[in-house]
Amino acid sequence: MNIKQEVTDFIFTNENNGALLVTGKWGCGKTYLIRKITEELNRSEDCVLVTISLFGIDAIATLNQTIKEKVLYAQIARRKASSVQKKMSSLKEFLSPIVATLSEHSNIAKGLNTALSVNLYDFVKVEKEILCFHGDLQKFKKLVLVFDDFERCKIDVVDLLGAINEYTENKEIKTIIIADDSHIQAEQYSEFKEKVIARTLRLTSDYEAIIKEIVTNYKETSIGYSNFLTENIGVLTQIFTESKQENLRTFKSYIIDFERVYAAWLESGISTEYMPQVLYAFGAIHFEAKAGNYPKHSRYGYLLTESKATEKYGKLIVSYQFTALQEWAVEGIWNKEQFIKSIRLKFDPQELTHSELFLNYDFWDLDDEIIASGLPEALELAYSGNLCGRDIISLLRRTQVLSEYGIPLPCEIDYPHMLAGFRKRENEIKEGRLQEPGNPTFIMPEDVRKMDPQAQILYSDIERMRARLGSWGYRRLFIEYLLSPANSDTSKFKRQCLVSFDDELMELFHIAYSRRTSIHSPSIRQQKQSPQCNPPYIIPVSSAMSGLS
């Protein structure tokens, strides 16, 4: 059936036998459809549709007040009802202080104060026909009440149906209810709804048509984005269909969020040839994240999740699920610089060194030239301590896979030398002179067992370093405190771990304790005169040591 036509026919049928229920899954487009019908019919001179959201309403009195507010706005607003509300609110704000001042001097003010406390909506009549503006003229229009979010109302469902029935049956007002009735749990719902609801329309949307309409009417912020969406309507429809979620709210959120990705890509100057594939990848991440199917592992980030998504979305490429896109879709964190760096590495590699290509390219994209020059370059960086833990892991994995496929390495790998370089880097990170980048990678346990024993030791040390990064930050803060305790906030150390209370910390602690005690300790005479006096900045050993491991 043509749902739009069915709703229109219900509104204009002279007989009234109860409300019309429009139902369907959350996000399937029920509200969107009724809103489009409302916009169209409210421009006519025949009827006016007034929508009341029941979301969170918890009392019948509040419901009736809300209905009167909406009806009043529909009656007196020519273009924007919100401006009327602002004027009424401003009038009360303007008069209230005047009346409060007068009340001290005149009995007349008491009458004014009483008048201001009158609820204006008590005088609003909700009838089957109401006087409205049509252009600059006023005329009576048929009133249609639309109750949205029925299942999200906090009023008891039987009481709510009774309140709606007052308008439907007793006042003979055309009434439409929008709900996903599969989420209405009350046992009495099915029994009482027959008295109120005359007909049910179950929405099975033409999603392809709705997606096309959403894209056509999209209000872009970045110039050219609407055309980009229109050109890729097939990609958008495919990702929506493959998600199997039938949720248009998620779809709208998806294309809104991708506009920021689109703008950053244009700003980078990188060719947009592969942007449709990234649009598809972002859609997969976005839909799965909204459904709770794209979790972040505390240790491995999104690495375990990526492969699962590719099983559901046939054209999804793992390497297009950039970390910046994952953080944007799942955590709401946007890092434009990281995203541009990712797409430059992937789609504009001419400025990259062979070592960067060797460590970051898809394995099957590596050619003999990249391997021959990239591997030695990467090893030299590792030996000198200039390769981060993530890239060392990538180096270990690449060389292992090359060996497994019988591809000869262009040079020998000196694992003790790599370990020494890593130790040097680790110490600089510990002291705060280097920042270890995020976006961790890892090697599956079964693949670790295949590696050279010395490579396994190096991999284990990198994993152990990752676990200590946070504690090293607190260690540096604690050292700053020991060097200058008067300017530090000790609350930040509560329930924090410093990894180990090593020789360096012990020496600094002893020096700070001794210095503060000798400088600020009162004399014996002063202690006798003021027994409550405590030397400032003395760090009790028991307090300082508690909680440290």
*Mind checking what makes ring-ring contact (aromatic ring centres under 6.0 Å, His included) contact with Phe10, not counting sequence neighbours?*
none
_Which residues share a ring-ring contact (aromatic ring centres under 6.0 Å, His included) with Phe258, sequence neighbours left out_ = Phe282
*Sequence neighbours left out, what pairs pass salt bridge (Lys or Arg N to Asp or Glu O under 4.0 Å) with at least one residue falling in residues 141-154?*
Asp149-Arg152
_Does anything in residues 226-246 form a salt bridge (Lys or Arg N to Asp or Glu O under 4.0 Å)? List the pairs, not counting sequence neighbours._
Lys25-Glu246
_Can you pull out every salt bridge (Lys or Arg N to Asp or Glu O under 4.0 Å) where at least one residue sits in residues 220-229? Sequence neighbours excluded, please._
none
*asked:* Before you tell me yes or no, could you show the steps for Glu6 and Arg199 under salt bridge (Lys or Arg N to Asp or Glu O under 4.0 Å), namely the whole-Å CA-CA distance, both residues' side-chain angles and the distance that decides it to 0.1 Å?
replied: CA-CA 11 Å; Glu6 293 294 326; Arg199 187 177 176 204; 2.8 Å; yes
*side-chain contact (heavy atoms from CB on, under 4.5 Å) with Arg202: which residues, sequence neighbours excluded?*
Thr23, Asp181
_Test salt bridge (charged side-chain N to carboxylate O under 4.0 Å, His left out) applied to Glu15 - qualifying residues, sequence neighbours left out_ = none
*How would you list, by chain and number, every residue that makes a ring-ring contact (aromatic ring centres under 6.0 Å, His included) with Tyr320, sequence neighbours excluded?*
Phe347
*Sequence neighbours excluded, which residues qualify as ring-ring contact (aromatic ring centres under 6.0 Å, His included) partners of Tyr294?*
Tyr302
*Under the salt bridge (charged side-chain N to carboxylate O under 4.0 Å, His left out) test, which residues partner Lys195, sequence neighbours left out?*
Glu169
_Restricting to salt bridge (charged side-chain N to carboxylate O under 4.0 Å, His left out), what partner residues turn up for Glu45, sequence neighbours left out?_
none
*Partners meeting side-chain contact (heavy atoms from CB on, under 4.5 Å) with Glu267 (sequence neighbours left out)*: Lys336
